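Working notes for the structure below.
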There are 2 protein chains.
Amino acid sequence: MIIVKVGGGININWNYVAQDLKQLVAKKPVVLVHGAGAIRDEIAAKLKAPTQTITSPSGISSVYTDQKALDIFLMVYPGLVNKKVVATLQAHDIPAVGLSGVDGALWRAKRKANVLSREGDKTKLLTDNLTGRVDQVNTELIQLLVDNDYLPVIAPPALSFENEIVNTDNDWAVAIMAGALHVKKIVYLFEAPGLLEDINKPTSLIKHIDSEKIDNYLSFAQGRMKKKVLGVKKAFELAVETVYWGDGRIENPISNALQGNGTVISSSKVSL
Amino acid sequence: MIIVKVGGGININWNYVAQDLKQLVAKKPVVLVHGAGAIRDEIAAKLKAPTQTITSPSGISSVYTDQKALDIFLMVYPGLVNKKVVATLQAHDIPAVGLSGVDGALWRAKRKANVLSREGDKTKLLTDNLTGRVDQVNTELIQLLVDNDYLPVIAPPALSFENEIVNTDNDWAVAIMAGALHVKKIVYLFEAPGLLEDINKPTSLIKHIDSEKIDNYLSFAQGRMKKKVLGVKKAFELAVETVYWGDGRIENPISNALQGNGTVISSSKVSL
């Protein structure tokens with residue numbers, strides 16, 4: 001089994017993703033996870049509740065999620081975007097089934113009731129942040145669908161252990177899910193050729209990262225990218241062997257990433 | 001198996017529905033279908049794209065669904081409302097899994113590309129209406145979930161045979177699904193004690209309707225209620241034996257409806 005995580009940028013080419021998936025699912029089971037950040041921000045602005053970002057004392061950015069933001073999240077991730085992705089895959093004859101982390105308690109998260117937010121020189125305590133970190137996965141539900149030739153198409157949010165709907169870091173959830181499903185390979189697609197040394201220079205692609213040295217990239221990565229690096233680190237702790245970062249805007253995006261045309265993260269101790 | 005359809009009114013008490021379902025699912029498999037009309041109208045107004053209703057030459061009202069309206073539909077039905085319903089059921093320890101008609105091509109609909117709309121004395125031809133009528137059901141997916149003790153929680157829209165996402169009449173879809181699953185009993189819950197002779201008099205409850213005389217009620221029912229009557233008529237054509245209309249605002253709403261405390265529709269030729 002392989003997990004493919006597609007970012008929520010507007011330039012992701014979902015037809016290319018679907019064409020490539022069609023080939024891939026014939027060979028091995030796939031679980032798809034997607035984001036929807038760009039459209040969420042757009043709808044949030046239209047509803048006059050623009051997305052707010054908070055930064056932790058350790059410098060990690062995340063989205064501030066009060067009830068209003070969570071409602072918008074529910075509209076866009078498992079609603080508008082998930083169903084359009086599923087319809088696109090169906091149009092390519094892939095029997096996709098959309099699920100959120102709430103369905104069948106697929107993603108159980110530990111609620112983070114108290115969150116520290118750095119604002120200038122001050123640190124503020126937020127107590128109404130509806131977020132959590134995925135800790136447990138209903139692998140039986142995923143396996144049930146996969147064994148019956150369905151492709152699960154998963155979007156956040158998650159369900160807390162107290163049955164609250166909570167926003168959750170998608171990349172962390174992917175890592176926990178990979179661990180629970182004993183998945184060895186994860187492909188991440190976003191709007192860049194891979195990890196770039198200089199974000200403004202597409203030619204500065206980093207071809208390989210040693211998974212034992214992933215911490216070095218934590219200081220290097222900026223803003224929300226830090227969370228991606230933390231997610232990848234967690235995935236390796238949970239016995240994932242190779243992570244592929246690739247371009248979701250090009251033809252055959254998944255095959256290209258798997259062929260090493262983006263950034264490959266693996267242990268220098270094992271072969272690719 | 002029994003199908004429970006819960007209307008999209010804001011006064012439906014979902015905690016009462018969940019408590020009652022908890023008892024019911026212990027005895028027999030349940031498939032839940034829900035609406036979300038009230039919240040859809042609210043969000044549509046906030047997004048400055050208020051819900052528009054059209055009336056067919058035969059006097060049947062339906063929602064006009066252009067791309068903008070469909071996007072809002074996707075946000076609210078399988079997104080905001082479906083996931084909140086699923087979380088509420090999970091909080092009552094029911095292993096609910098939310099699905100739309102798009103997922104696994106659960107509800108396949110025949111697209112109605114051309115729709116006639118009566119506007120005053122004139123009849124207008126609408127060609128951009130993204131609607132269809134459910135014609136085929138992926139019963140295998142429902143059975144797979146039910147056989148593994150999950151409760152499917154289904155919301156429109158549907159997927160056309162050309163893989164377009166289309167708005168669809170929920171009550172018609174319920175009838176087609178009941179036929180495909182060989183379901184004999186359907187419970188409909190809404191914001192009234194049942195069918196009322198006088199819509200302003202809750203005491204004017206019609207206790208029993210002979211399913212062979214359902215056509216009489218077609219002239220009697222108003223606006224969108226006509227569609228409910230047409231849906232029920234279709235259900236009886238497809239071998240459903242009893243339809244229960246009950247109050248979704250009261251405690252034990254499903255049990256109450258099944259005990260005949262609302263409106264019961266059945267053939268006068270068979271016993272209740």
Side-chain angles (χ1 to χ4, degrees), chain A residues 36 39-40 43 46-49 70-106 108 138 140-141 143-145 147-153 155-160 162-166, chain B residues 36 39-40 43 46-49 70-106 108 138 140-141 143-145 147-153 155-160 162-166:
Chain A
I39 296 176
R40 187 262 319 270
I43 301 291
K46 279 189 189 164
L47 287 168
K48 304 209 176 5
L70 186 67
D71 282 357
I72 294 167
F73 197 95
L74 286 169
M75 289 182 216
V76 177
Y77 280 76
L80 183 63
V81 172
N82 185 265
K83 299 318 163 201
K84 286 195 174 180
V85 167
V86 169
T88 300
L89 298 180
Q90 290 280 351
H92 286 84
D93 217 18
I94 301 168
V97 172
L99 293 170
S100 74
V102 174
D103 298 298
L106 193 65
R108 279 284 188 194
N138 182 350
E140 287 82 3
L141 179 55
Q143 206 62 56
L144 182 68
L145 291 169
D147 288 348
N148 286 276
D149 296 326
Y150 291 106
L151 172 73
V153 180
L159 199 61
S160 78
E162 295 77 30
N163 294 302
E164 303 145 310
I165 301 175
V166 287
Chain B
I39 296 176
R40 185 262 321 270
I43 301 291
K46 279 188 187 164
L47 287 168
K48 305 213 176 359
L70 186 66
D71 282 357
I72 294 167
F73 197 95
L74 286 170
M75 289 183 218
V76 177
Y77 280 77
L80 184 62
V81 172
N82 185 265
K83 298 319 163 200
K84 286 194 175 182
V85 167
V86 169
T88 300
L89 298 181
Q90 290 280 351
H92 286 86
D93 216 18
I94 301 167
V97 173
L99 293 170
S100 74
V102 174
D103 299 297
L106 193 65
R108 279 283 187 196
N138 181 350
E140 287 83 2
L141 179 55
Q143 205 62 56
L144 182 68
L145 291 169
D147 288 348
N148 286 275
D149 297 327
Y150 290 107
L151 172 74
V153 181
L159 198 62
S160 78
E162 294 78 30
N163 294 302
E164 302 145 311
I165 301 175
V166 287

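We name chains A, B, ... by the order of the sequence lines, and we start the count at 1 in each one. This is a predicted model, so every value here is computed, not measured.
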Side chain, backbone, both or neither: which part of [X] has an atom under 4.5 Å from a heavy atom of chain A?
| X | value |
| --- | --- |
| B/L141 | both |
| B/A105 | both |
| B/D71 | both |
| B/L144 | both |

Which value, rounded to the nearest 0.5 Å, describes the distance between [X] atom [atom1] and [Y] atom [atom2]?
| X | Y | atom1 | atom2 | answer |
| --- | --- | --- | --- | --- |
| A/T88 | B/I165 | OG1 | CD1 | 7.5 Å |
| A/L47 | B/I43 | CG | CD1 | 6.0 Å |
| A/Q143 | B/N148 | CD | CG | 12.0 Å |

### Query
In terms of heavy-atom pairs under 4.5 Å, which option from A/K46, A/K48, A/Q90, A/E140 contacts chain B the most?
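The residue among A/K46, A/K48, A/Q90, A/E140 with the greatest pair count is A/Q90.
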
### Query
Minimum heavy-atom separation for B/K83 to A/L74, with atom names?
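Taking every non-hydrogen atom into account, CB-CD2, 3.7 Å.
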
### Task
Give the minimum heavy-atom separation between A/A87 and B/L159, together with the two atoms involved.
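Heavy-atom minimum between the residues: CB-CD1, 3.9 Å.
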
### Between B/P95, B/P78, B/A155, B/P157, the one whose heavy-atom pairs under 4.5 Å with chain A are most numerous
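Maximum pair count with chain A is reached by B/P78.
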
### Query
Which pairs count as side-chain hydrogen bond (donor to acceptor under 3.5 Å, both in side chains) when at least one residue sits in residues 92-101 of chain B, sequence neighbours excluded?
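Found B/S100-B/D103.
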
#### Entry: Contact check, side chains of A/Y150 and B/N138, non-hydrogen atoms, under 4.5 Å
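SC-SC contact between A/Y150 and B/N138 confirmed.
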
### Message
Please classify the contact between A/A96 and chain B as side chain, backbone, both or neither, with a heavy-atom cut-off of under 4.5 Å.
### Response
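For A/A96, the backbone is the part near chain B, not the side chain.
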
